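Scroll down for the structure; my scribbles are underneath it.
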Amino acid sequence: MCGRGWVVGGMPELPDVEGFRRVAQRAGGRQVRSVRVCDAQVLRGVGSGEFQEALRRRYFQAPWRWGKWLVIPTSGAPNGGPGTPAVLAHFGMTGSFEWCRHGGDVHPHDRVVFDFAPGELRYHDMRKLTGLHLARQPGEVDELLAELGPDAQRVGVEEFGERLTRTRRGTKAALMDQSVLAGLGNICTDELLWRARVHPNRATTKLSADDLELLHQEMRVMLRDAVRAGRVPDDASWLTGHRDEPDQRCPRCSTALRRTRVGGRGTLWCPACQSD
DNA sequence: ATGTCTGTTTCCTA
DNA sequence: GTAGGAAACAGACA
């Protein structure tokens with residue numbers, strides 16, 4: 001489970017972060033014995049010393065997720081309820097949480113290790129595009145998450161439609177905007193647009209009420225299935241399963257898929273299924 | 001060897 | 001308001 005030479009799984013989007021939440025859950029109610037900072041570069045807005053001191057001897061509480069962010073509150077007692085300081089984790093493109101036994105090999109990409117009596121929780125990240133934040137007061141958690149829209153897994157159809165059409169952009173750009181909706185990344189968004197048969201560049205203003213309802217419904221189903229798998233499945237029935245194939249064909253109609261760029265991101269879509 | 005590509009966030013300019 | 005680009009980062013690949 002640890003010390004791997006490569007990163008398993010897709011880019012950390014909502015389903016992956018939900019998986020990391022379950023990993024971090026193993027430290028729930030456990031006391032931090034020490035914090036090892038192997039690479040201080042992943043600490044954001046806090047230095048090594050303060051980070052270590054603030055968390056040492058605190059008890060990790062149940063982690064919760066908002067979009068692609070994971071929040072781990074701490075308290076002064078095993079079941080003291082959520083409190084601060086809290087750790088806020090973002091996983092960028094290549095981050096993960098791993099639970100390891102003591103004494104395992106430390107991988108060069110293990111950046112921060114939280115030591116507990118039953119094992120270690122490791123923040124692992126090859127590229128260091130994002131990292132770990134420390135919320136010293138309860139208000140700081142809200143501050144750090146203030147710009148985020150509603151979580152994609154919990155948002156209702158009405159708010160979903162309202163927020164998406166509030167902006168005049170291509171649908172893909174709007175879905176990926178974390179301040180509109182929190183949790184979808186490049187892979188999930190392509191998958192969703194394909195399932196709902198919406199062209200990535202269709203203006204959100206041209207989405208009908210039926211389109212919005214379908215997008216919301218497909219988003220729920222996709223996230224449910226992906227969360228169950230702990231990642232976006234690399235399955236042939238999913239568009240995502242064909243991302244890296246040389247001859248990319250639509251799993252639904254076998255049309256050759258098209259690859260374009262939207263907002264600087266590689267975008268995969270079916271010219272026959274997805275209408276503008 | 002050098003350049004291109006990958007996807008997330010933040011910041012900048014048009 | 002929106003679009004586009006760049007930087008941050010490390011590695012795979014041609």
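Only a predicted model underlies this, so the values are computations on that prediction, with no experimental measurement involved. Both backbone and side-chain heavy atoms feed into the values below; hydrogens, waters and symmetry mates do not. First the proteins, then the strands, lettered A, B, ... as listed; each starts at 1.
Note on A:R166: nothing from the nucleic acid sits closer than 4.0 angstrom, heavy atoms only. Backbone-only contact: A:G170 has heavy atoms under 4.0 Å from sugar-phosphate atoms and none from a base. Among the heavy atoms of the strands, none lies under 4.0 Å from A:G263.
In summary, A:K128 and A:D125 do not engage in a salt bridge, as defined by a charged side-chain N under 4.0 Å from a carboxylate O. With salt bridges taken as basic N to acidic carboxylate O contacts below 4.0 Å, none links A:E98 and A:R122. We find that A:D110 and A:R36 are not joined by a salt bridge, their nearest charged nitrogen and carboxylate oxygen being 4.0 Å or further apart. Using a 4.0 Å cut-off between a side-chain N of Lys or Arg and a carboxylate O of Asp or Glu, A:D177 and A:R169 qualify as a salt bridge.
Among the candidates A:P138, A:P82, A:P85, the single residue satisfying the side chain to side chain contact (heavy atoms under 4.5 Å, CB included) test with A:P73 is A:P82.
For A:H90, no side-chain nitrogen or oxygen approaches OP1 or OP2 of B:dT8 to under 4.0 Å. Regarding contacts with the backbone of B:dT8, every side-chain N or O of A:K128 stays at 4.0 angstrom or more from both OP1 and OP2. Side-chain N/O atoms of A:R44 include none lying less than 4.0 angstrom from OP1 or OP2 on C:dC9. Between A:H109 and C:dC9, a side-chain N or O to OP1/OP2 separation shorter than 4.0 Å is absent. Checking the phosphate oxygens (OP1, OP2) of C:dT2, a side-chain nitrogen or oxygen of A:T167 falls inside 4.0 Å. Taking side-chain N and O atoms only, A:Q178 has no distance below 4.0 Å to OP1 or OP2 of B:dT8.
Atom-to-atom, CE of A:M176 to C1' of B:dT9 comes out at 12 Å; the value is rounded to the nearest Å. Taking atom CG on A:D244 and atom P on B:dG7, their separation rounds to 9 Å, with Å as the unit. Across the protein-nucleic acid pair, A:W69 atom CH2 and B:dT10 atom C1' stand 11 Å apart, rounded to whole Å. Rounding to whole angstrom units, CZ of residue A:R243 and C1' of B:dC5 are separated by 13 Å.
For A:R265 against B:dT6, a side-chain-to-base donor-acceptor contact under 3.5 Å is absent.
A donor-acceptor contact shorter than 3.5 Å links the side chain of A:Q178 to the backbone of A:M176.
With a 3.5 Å limit on both pairing distances and Watson-Crick or G-U wobble geometry required, the stems of 3 or more pairs in DNA chain B span B:2-6 with C:10-14, B:8-14 with C:2-8.
Shown here is A:R163, whose CZ atom has more than 12 heavy atoms of other residues, nucleotides or ligands within 6.0 Å.
When the nucleotides C:dG11, B:dT6, B:dT8 are ranked by their closest atom to the side chain of A:M126, C:dG11 comes out on top.
Residue whose closest nucleotide on DNA chain C sits further toward the 5' end, between A:G264 and A:R168: A:R168.
The same atom, C1', is picked in C:dA6 and in B:dT4; the two are 16 Å apart, to the nearest Å.
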